[in-house]
Every structure is written in C-alpha cells, then in structure tokens.
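Worth knowing before you read on, the calculation uses all heavy atoms, side chains too, and leaves out hydrogens, waters and symmetry mates. Lettering follows sequence order; numbering is per chain, from 1.
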2 protein chains.
Amino acid sequence: MSRASERAYAEIRGLILSGDAPPGSPLTEEALADICGVSRTPVREALRRLESELYVVRSESQRLFVASWNAEDLGEMFALRAMLEAHAAARAATRISADALAALRAGNGRLAAAIAADVPDVATFLMENRAFHEIVITAAASPRLATMLAALVEQPVVRRTAARYNRAELARSAHEHGELVQAFAARDAVWAQAVMTGHIRRAFHAFSAAEPVK
Amino acid sequence: MSRASERAYAEIRGLILSGDAPPGSPLTEEALADICGVSRTPVREALRRLESELYVVRSESQRLFVASWNAEDLGEMFALRAMLEAHAAARAATRISADALAALRAGNGRLAAAIAADVPDVATFLMENRAFHEIVITAAASPRLATMLAALVEQPVVRRTAARYNRAELARSAHEHGELVQAFAARDAVWAQAVMTGHIRRAFHAFSAAEPVK
DNA sequence: CCCCGGTAATTTGTATACAATAACATGAAC
DNA sequence: GTTCATGTTATTGTATACAAATTACCGGGG
C-alpha cells in the first residue's frame, strides 16, 4: 500500500484506537476522506483493510461502522488468543534464538525492577509487555499464526486489558513472563505452552472482573 | 461487496482454484479487468480481498502474484488447522443442535454406504466432507474461529488433500467422522477434540506421503 | 563481455465524475 | 394516528483520466 492509502489507514485506525470514533459509530467515506486530506479511493482501500482486520464491520447495506463487541465476543477473542499464543509459545520454546531470549530477559528485568521500585509507569509496562509478546510471536516463526494473532491482539478492547492492571496484577504478569523465560531457556515447549495459557486466561479474568461489559 | 466486484472476486478466485492462474504467476489489474469485463476499480477490491485471504501475495513493489507454498508452509497450515478445527469440534460438542447432529449422521451414512458399495465418487466425497466440516464449524458458533479456519481450509493446496484419498483413506475418513458424531452425541468435548486432531493430522500425513512437495 | 545510464513502456496509485442504491422525510389516504 | 407511497438526499459503486512509480529495453562505455 502506498502513501495516501497508508496514511488514511493509520489515521482511521488512530481514530478508532483513541476512541474518537467509538464502537458502533458510522464511518462514511467522504467524511474520512476530508479528515485524511485524500480522495475517497485510498480511504476505501484503508477501510477494506480495517474491515479484514475486524476494526470495522459492514452492514448488509454496505455501510461501515466501528466494530463493537459484547461479553461473548470478548470471551471468544480471549479463548482464541490463549490457544494461539500458547501454541506460539510452544513453537518459540524450541526455536528462539539466544539474542531474542536475552532481549526477553532484559525487558522483563527492567519491568520487574520498575515494579519493585514502585514506579507503576503504565506506558512503560504496555510497551514492554507488547515487546515481550511480539518477540515470542516472531520466535514462533509462523507467519499465518502471526497474522491470526495480530487480528486478535490489535483489537482495541484487547489492548485495553493490560492498561487496567493494578500493581499486584503488574507484578503477577512480570512473574509469569519470568517463568516463560525459564521455560524458553529450558527449551520446554509443554511448559511454555502451559504458562502462556494461564497468562492469557488470567489476564482475561482480571479484565472481566475489573470492567464488566455492559 | 456489490455486483461487479463480487463477480470479479468469484472469477479471479476461480482462475486460481482451477489452476488456470498457477501459483507464482503474476496478476495485473488491467488483464483481470478485461477478463472480468469490468474496470480496474472493482478488480482492485477483489484483489484486496483475495490478498487478505492469502490467495494472492503482494511483492514489495506492490505487484500481485498467485500465492505459492513450500513444504514448511503446508506443515504450518495443517498444524494450525488441526488446532483450530479441534477447538471447533470441542465447542461444537456441547453446542450442536439435534438437527445439525442428524445432518452429520445422515451425510456420513450416505458416504459410508457409497464406500461400502465400492462407489468411489470423489466429487460426492468432497462435497460430503466439506459439508461435514462446515456443520461442525457452524455449530462451534465462533465467527472469528470460522474466519480463521476459512483462511486455511480454502487454500487450494489444502482443498486438494482430500481429493487425493484412495479407497482405504476414504474409509478411514468416514470412520473418523462417525466417531466424531458419537463424541458429539455424547456431548464429550475432550473426545471430539482428540478425534478431530487426529483426523486432520492423518489427512496431512497421508497427503504429504502421496504428493511430496517439491 | 559486462556494466551502467537513460529513456520508453508497463503497472500501480489517486482523483474525479457519474451511476446505482439505500436511507429519509414528506404528505396523502385510510 | 398510522401506514404506505413517493420524491429527495445521502452514500456507496463503477468507470475513466491522469500521475507516480517501477520495470524493461537499448545504447554506449569500460
């Protein structure tokens, strides 16, 4: 995708992620074209992509809306994510490079230190958390798996989960990441898979408890 | 998607599935527009969709080609399919309706009878096989899971696997479907998941043995 | 013979105009 | 007051023209 449609994609995605375009709100091509400063053509391409990534949904009459979700959707997304990401962890355990493993260890060390020092910098946590999971997915070396996971993890509602952690949950998350590093170091696929399954499912339940979906 | 782009999508997809557009061959918008009898605009939309469904791949210079695969890709696709479809079977076991279960039983009965009577009608088998798996996926009631599976199962190379079965493999497949029906009737998610896992993995190994990828 | 520029040809990207379709509002009939 | 028909408006779908980028080809130089 080239310049204009790429810009439009980033712009519209930003509107959705920031909440400026809330779930369920309609998206018209012309309005978005004005906002992005391009014509409708690249906007249409961006919307197609956002649709395939489940950011937007299309009504039977071809009108587009920001995707919304209910409790059932959320449960479904996390169940799939747990399964796929645990599979990724299992693959990563036997494939991860020494460099990548070191990067995981370093990132998690930084995070643990910040938590221990009682510096609950949420932005830092989100960044480190994201980097951790991305390294694991890359190490799994399965492009289709990566694509599928991206469709789940990039969903705004899923990204929001980690932002809601309290201090105890941050510490728990960092501890689980630490255990994953151990499992990777031991090249133990079964162990890694089990830890990741629990890691994701606990994240889901902590989030559900904290922010019950209407 | 509306008339012209829908037609273009079906037309181009047909070219890929039939082999008229073999893996690796380039796809230019104008040529496809001529073939489909529409302008480039709906062709572009169709190609975007085919790209998101992995039928076509895009080079770094934005040129499109029919997707190709190697042995590693094939193994990856089947590993993912086994995991996802086993999950679908597990969900279906506790959710499937009496009607859907009856449809599975009936379809598999027809198939078993045809095999027993030594009528190896491949087209019939493919149709029944496809219907069986589709009922299971529908019964799983997880739209995201269905989308992910479709991206795998619809791949030409995957669809080809079942077409290569010999008589013994047909019988085996029908028998496994029968066991799945039993597991569903018993509402046994663990059993259904295990049977489906083996079913897909055996299909993969039978195919790999019969048609080693260059 | 190979390599390197430069130009022509091909291909994709974007903008715009117009057509088709769906949503909406208005008003008449019951 | 409700309902249905109809015209109006808004929105999406398609075609086309042109711009930008990439590729291919050709000629000259090393």
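- Using a 4.0 Å cut-off between charged nitrogen and carboxylate oxygen, B:E176 and B:R202 count as a salt-bridge pair.
- The shortest side-chain heavy-atom distance between B:L15 and B:L32 falls under the 4.5 Å cut-off.
- The nearest heavy atom of DNA chain C to A:E60 and to A:G37 marks one nucleotide each, and the one closer to the 5' end goes with A:G37.
- Under 4.0 Å is where a charged nitrogen must lie from a carboxylate oxygen, and between B:R48 and A:E45 at least one such pair does.
- Spacing between atom CG of B:L47 and atom P of C:dT11 amounts to 14 Å, rounded to whole angstrom units.
- Here B:Q62 does not reach the OP1 or OP2 of C:dT11: none of its side-chain N or O atoms lies under 4.0 Å away.
- Atom CZ of A:R3 and atom C1' of D:dA19 are 11 Å apart (whole Å).
- For B:S39, a side-chain nitrogen or oxygen approaches OP1 or OP2 of D:dA15 to under 4.0 Å.
- Checking the phosphate oxygens (OP1, OP2) of D:dG13, a side-chain nitrogen or oxygen of A:R44 falls inside 4.0 Å.
- In this structure, B:T41 and B:T28 both approach DNA chain C, and ranking their closest nucleotides by distance from the 5' end singles out B:T28.
- The interatomic distance linking B:E30 (CD) with D:dA17 (C1') rounds to 13 Å, in whole Å.
- Distance, A:L64 CG to C:dA22 C1': 14 Å, rounded to whole Å.
- The side chain of A:E29 sits closest to D:dT12 out of C:dT14, D:dT12, C:dT11.
- Going from atom CD of A:E6 over to atom C1' of C:dT12 covers 15 Å, rounded to whole Å.
- Of the side-chain N and O atoms in A:S61, one or more sit less than 4.0 angstrom from OP1 or OP2 of C:dA23.
- The B:R40 side chain lies nearest to C:dG13 when the options are C:dG13, D:dT16, C:dT11.
- Contact annotation: B:S5 side-chain N/O to D:dT14 OP1/OP2 distance is under 4.0 Å.
- The aromatic rings of B:H177 and B:F132 lie parallel to each other, their planes meeting at an angle below 30°, with 60° marking the opposite boundary.
- Salt bridge A:E134/A:R130: present, at least one basic N to carboxylate O contact under 4.0 Å.
- A:Y9 places its OH atom 16 Å from the P atom of C:dT14, with the value rounded to the nearest Å.
- Here the C1' atom of nucleotide D:dT12 and the CD atom of A:E45 are 15 Å apart, to the nearest Å.
- Distance, A:F65 CZ to C:dA23 C1': 11 Å, rounded to whole Å.
- Residue A:L27 is in sugar-phosphate contact alone, with no base atom involved, counting any heavy-atom pair closer than 4.0 Å across all strands shown.
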